[in-house]
Amino acid sequence: MMSRPDVVEHVPSARYLERVREIVAEELELEPGELTDHGHFVEDFDGDSLALITVVARIDRELSVEIPKSELPELTTLAALSAAVLAHAGQGPSDG
């Protein structure tokens, strides 16, 4: 576990995660309430790799959070995607 005492997570995290959920729901054509943290994008929600690429591109554009393409195969659930967004959100000066 990483110790990050200089990062205040409550406000930015909630905002990021809410927007990530909205983006994923829109791209998978789901209502935000239908999307669960651990449901598999492909197996449970009939998503595909193109939808995930679109989600990651929107996160980059809308939230200024760049997730390396090499991580895409691991981003199979909302929980995994949210963790990646939070991990990469603090890695650069973005004041979106």
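The figures here come from the full heavy-atom set of this structure, side chains too, leaving out hydrogens, waters and symmetry mates. Because the structure is predicted, anything quoted here is derived from the model rather than measured.
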Worked check of side chain to side chain contact (heavy atoms under 4.5 Å, CB included) between Arg21 and Asp37: CA-CA 9 Å; Arg21 177 180 287 275; Asp37 288 343; 2.9 Å; yes
Stepwise side chain to side chain contact (heavy atoms under 4.5 Å, CB included) check, Val85 with Ile67: CA-CA 7 Å; Val85 167; Ile67 298 172; 3.8 Å; yes
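Annotation: the span from Leu63 atom CG to Ile23 atom CD1 amounts to 5.0 Å, rounded to 0.5 Å. With rounding to the nearest 0.5 Å, the separation of OG1 in Thr54 from CD in Glu26 is 12.0 Å. Here CG of Leu52 is found 6.0 Å from CG of Leu75. Values are rounded to the nearest 0.5 Å.
The heavy-atom pair separating Ala89 from Tyr16 by the smallest distance is CB-CE1, 3.7 Å. For the residue pair Ala25 and Leu35, the shortest heavy atom distance occurs at N-CD2, 4.0 Å. Contact detail for Glu71 and Ala84: the closest heavy-atom pair is OE1-CB, 4.0 Å. Across every non-hydrogen atom of Phe41 and Thr77, the tightest pair is CZ-C, 3.3 Å. Here the shortest heavy-atom pairing between Leu78 and Val20 reads CD1-CG1, 3.9 Å.
For the pair Glu62 and Arg15, the salt-bridge criterion is not met [side-chain N within less than 4.0 Å of a carboxylate O]. Salt bridge Arg19/Glu22: present, at least one basic N to carboxylate O contact under 4.0 Å.
When hydrophobic clusters are built by joining Ile, Leu, Val, Met, Phe, Trp and Tyr residues whose side-chain heavy atoms come closer than 4.5 Å, directly or via intermediates, Leu81 is grouped together with Ile53.
Side-chain contact between Arg58 and Val24: absent, with no pair of heavy atoms (C-beta onward) separated by less than 4.5 Å.
Under the side-chain hydrogen bond (donor to acceptor under 3.5 Å, both in side chains) criterion, Glu34 pairs with no residue, sequence neighbours left out. Under the side-chain contact (heavy atoms from CB on, under 4.5 Å) criterion, Glu74 pairs with no residue, sequence neighbours left out.
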